[in-house]
Chemist: 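This is the structure, below, for whatever I ask next.
Throughout, a chain's letter reflects where its sequence line sits, starting with A, and its residues are numbered from 1.
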2 protein chains.
Amino acid sequence: MTCLLKMRAMRDQMSVNERKLADFIMENTKLLRDYSSQQLADAVGVSQSSVVKFSQKLGYKGYPSLKLAVYESYAGALNQSAPEEGYTHLSQADTPISQLGQKKLEVLENTVSINEPEQLQAAVAAIRSARCIQVSACSGSAAVAQYLTYQLLELGAWAVFDQGGALQKSMAESLQGEDLLCIICDMGGEESLVDIANNARERGVKVLSLTRYNYNAASIHADVSLYVMPAEEEQAMQRLLFRSAQLHVIESLIGGLLIADQ
Amino acid sequence: MTCLLKMRAMRDQMSVNERKLADFIMENTKLLRDYSSQQLADAVGVSQSSVVKFSQKLGYKGYPSLKLAVYESYAGALNQSAPEEGYTHLSQADTPISQLGQKKLEVLENTVSINEPEQLQAAVAAIRSARCIQVSACSGSAAVAQYLTYQLLELGAWAVFDQGGALQKSMAESLQGEDLLCIICDMGGEESLVDIANNARERGVKVLSLTRYNYNAASIHADVSLYVMPAEEEQAMQRLLFRSAQLHVIESLIGGLLIADQ
DNA sequence: TTTTCTGCAGAATACATTATTCAAAACACC
DNA sequence: GGTGTTTTGAATAATGTATTCTGCAGAAAA
């Protein structure tokens, strides 16, 4: 900041050309970034040597030093004047797309804060100790469920994604005491899922649920319940963000497995 | 932020001297402020011309440009990493799992900062205007690719996930001028993918790539290139974070489609 | 009014830094 | 081991920066 301030302070006691230079620099600070001494001289209408002398008079070794100082001064001012405008940025510009980043961050934070670390830990433990894992989802969460299945398989867990339909029930019925059933669900109300969950649980199968954060059948009947905090957005965007949060929880699980594995 | 990130990303495919330069700059970022190209050359132990060529290879006009970019990059990093009380938290406690949140946030921010808004916009446009979309991935990114395919289908795009194997080529060959090929790839080097991409492009098919951020065959031969910034972590965790970043880019695309749809 | 004196401005030029060229060396690929 | 490509640094051209020096304008002294 010092540099630009200094200029303003000295403005009164400057010669004509010096003042022209100072004014130009203060007006067009960011232009300076890619001006050579000659260009600046031309722009202001003075000689190149005057530019250099001006720099030295202000106490810098030469023009490049002045340039840097001005630049720092300018950058510093920016930092201060835009102090807490909020979040670290998941966005560069302010395009509609980048605003999505903000929303996402918000949803993710909310989601993290509603899940008890113990539940996460328990979920990780359940996965680790399971023999076979069935991943079942409502249609809206199928993509997410399949993603989870992939990751589990990669880590050596014997996970199967339940495509729904006729197989769903028969698969679930083959689960045994040491196995795990993962229910991933938007609302947590889908009947067929709640059914197989209850059924499985009666036979000692552990049930892990990942649902929207509210009272819902699926999470109530699960041994371990994880939640997602939905955003307040219009339909389509909300779905997108919801999945994003689901994925984040899943990533946390996978991360937990990796850490525990070591 | 971009400049230093770029260096880190390209480090692997640099020549010996280039890497020496990159390392020195990343270690001694603030020293650079008052180094001339000659001084830097001496400090690193290479010739002055190598310094200039290094700058140009990274995409800058010359050494002064690089210097400025590094400086800005550095200043930018300071702003972000020391906001005021640190990051918004993707973590509640300081459990190992929750630290993952920090890493993820970092990777996501880096990833956002390296993708030009124009490229994102172009990608969205390409998807919107495509008749058929083939989503092809290397094995490590299959889960992510499939996730994208799901979302695209849901939005009414005619997307097909390429399972690899025998079908890959014949599918790609059926693509026509109005179609789109999405290549999702860890390293961007997988031959079969580069092959079908080149082939498709010759027939006027648009190619969209999503790869690690560095020079790689896939992104070079694509019409639109999107990137992911990998983390510096041990193997398994890095994969997890890498996918997380891939998913974030994909979510941005979907978000873009939603917005444009309105 | 004329004569110094002082300090600023710019042309010319010396100096410094940066960019390019080119030939030799290192490297990768048969 | 031979061949073509990339990388490297010495020499040099091009550009950019600092200094010198001359002239000029205005203020103070004669």
Chemist: Could you tell me how far apart A:Phe54 (CZ) and C:dG10 (C1') are, to the nearest whole angstrom?
Modeler: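 In whole Å, C:dG10 C1' lies 17 Å from A:Phe54 CZ.
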Chemist: Please state how far atom OH in B:Tyr63 lies from atom P in D:dT17, giving the value in whole angstrom units.
Modeler: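 Rounded to the whole Å, the gap is 14 Å.
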Chemist: Could you please spell out the steps behind the side chain to side chain contact (heavy atoms under 4.5 Å, CB included) verdict for B:Phe54 and B:Met14?
Modeler: CA-CA 10 Å; B:Phe54 175 75; B:Met14 285 179 178; 3.9 Å; yes
Chemist: Relative to the ring of A:Phe24, is the ring of A:Tyr35 parallel (under 30°), tilted (30 to 60°) or perpendicular (over 60°)?
Modeler: parallel
Chemist: Figure out the OH/P separation between B:Tyr35 and C:dT17, and round it to whole Å.
Modeler: 14 Å
Chemist: Check whether any side-chain nitrogen or oxygen of B:Ser37 sits under 4.0 Å from OP1 or OP2 of C:dT18, and answer yes or no.
Modeler: yes
Chemist: Tabulate protein N/O versus nucleotide N/O from nucleotides 10-12 of chain D, keeping only pairs under 3.5 Å, one per line.
Modeler:
unit_1, atom_1, unit_2, atom_2, d
D:dA10, N6, B:Ser49, OG, 3.3

Chemist: Can you confirm if the NZ or CZ of A:Lys67 lies within 45° of the ring axis of B:Tyr71 and under 6.0 Å from the centre of its six-membered ring?
Modeler: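 No, cation not above the ring by the 6.0 Å, 45° rule.
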Chemist: Would you say B:Glu232 has more than 12 foreign heavy atoms packed within less than 6.0 Å of its CD?
Modeler: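 It does not: B:Glu232 CD has 12 such atoms or fewer within range.
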Chemist: Please report the distance, rounded to the nearest Å, between CZ in A:Arg19 and P in C:dC8.
Modeler: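 Checked: the CZ to P distance equals 13 Å.
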Chemist: Grab the NZ-C1' distance between B:Lys20 and D:dT8 for me, whole Å please.
Modeler: 11 Å
Chemist: To the nearest Å, give me how far apart CG (B:Leu68) and P (C:dT18) are.
Modeler: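 Between P of C:dT18 and CG of B:Leu68: 12 Å.
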Chemist: Report yes if a side-chain nitrogen or oxygen of B:Ser15 is closer than 4.0 Å to either non-bridging phosphate oxygen (OP1 or OP2) of D:dT8; otherwise report no.
Modeler: yes
Chemist: Nearest-nucleotide wise, let me know which of B:Pro64 and B:Val16 is further upstream toward the 5' end of DNA chain C.
Modeler: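 Taking each residue's closest nucleotide, the earlier one in sequence belongs to B:Pro64.
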Chemist: Using 0.5 Å steps for rounding, measure from the CG atom of B:Asp34 to the NZ atom of A:Lys61.
Modeler: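 Between B:Asp34 CG and A:Lys61 NZ, I get 8.5 Å after rounding to 0.5 Å.
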Chemist: Is there a donor-acceptor contact under 3.5 Å from the side chain of B:Ser219 to the main chain of B:Ser225?
Modeler: no
Chemist: Near A:Arg8 CZ, under 6.0 Å, is it more than 12 heavy atoms from other residues, nucleotides or ligands?
Modeler: no
Chemist: Does A:Asn17 make a side-chain N or O approach to OP1 or OP2 of C:dA9 shorter than 4.0 Å?
Modeler: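 Affirmative; the distance criterion is met.
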Chemist: Ignoring hydrogens and geometry, is there a side-chain-to-backbone donor-acceptor pair from B:Gln134 to B:Ala172 under 3.5 Å?
Modeler: yes
Chemist: Round to the nearest Å and state the distance from A:Gln38 atom CD to D:dA18 atom P.
Modeler: 13 Å
Chemist: Between B:Arg203 and B:Leu175, is there a donor-acceptor pair closer than 3.5 Å when you use the side chain of the first and the backbone of the second?
Modeler: yes
Chemist: Give a yes/no on whether any side-chain N or O of A:Ser50 is located under 4.0 angstrom from OP1 or OP2 of C:dG10.
Modeler: yes
Chemist: For A:Gln56 and D:dT20, what is the distance between atoms CD and P respectively, to the nearest whole Å?
Modeler: 10 Å
Chemist: Please report the end-to-end axis angle for the helix from C:dT1-D:dA30 to C:dC30-D:dG1, five pairs per end, rounded to 10 degrees.
Modeler: 20°
Chemist: Looking at every strand, decide which applies to A:Lys67 at a 4.0 Å heavy-atom threshold: base, sugar-phosphate, or nothing.
Modeler: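 Nothing, no heavy atom under 4.0 Å.
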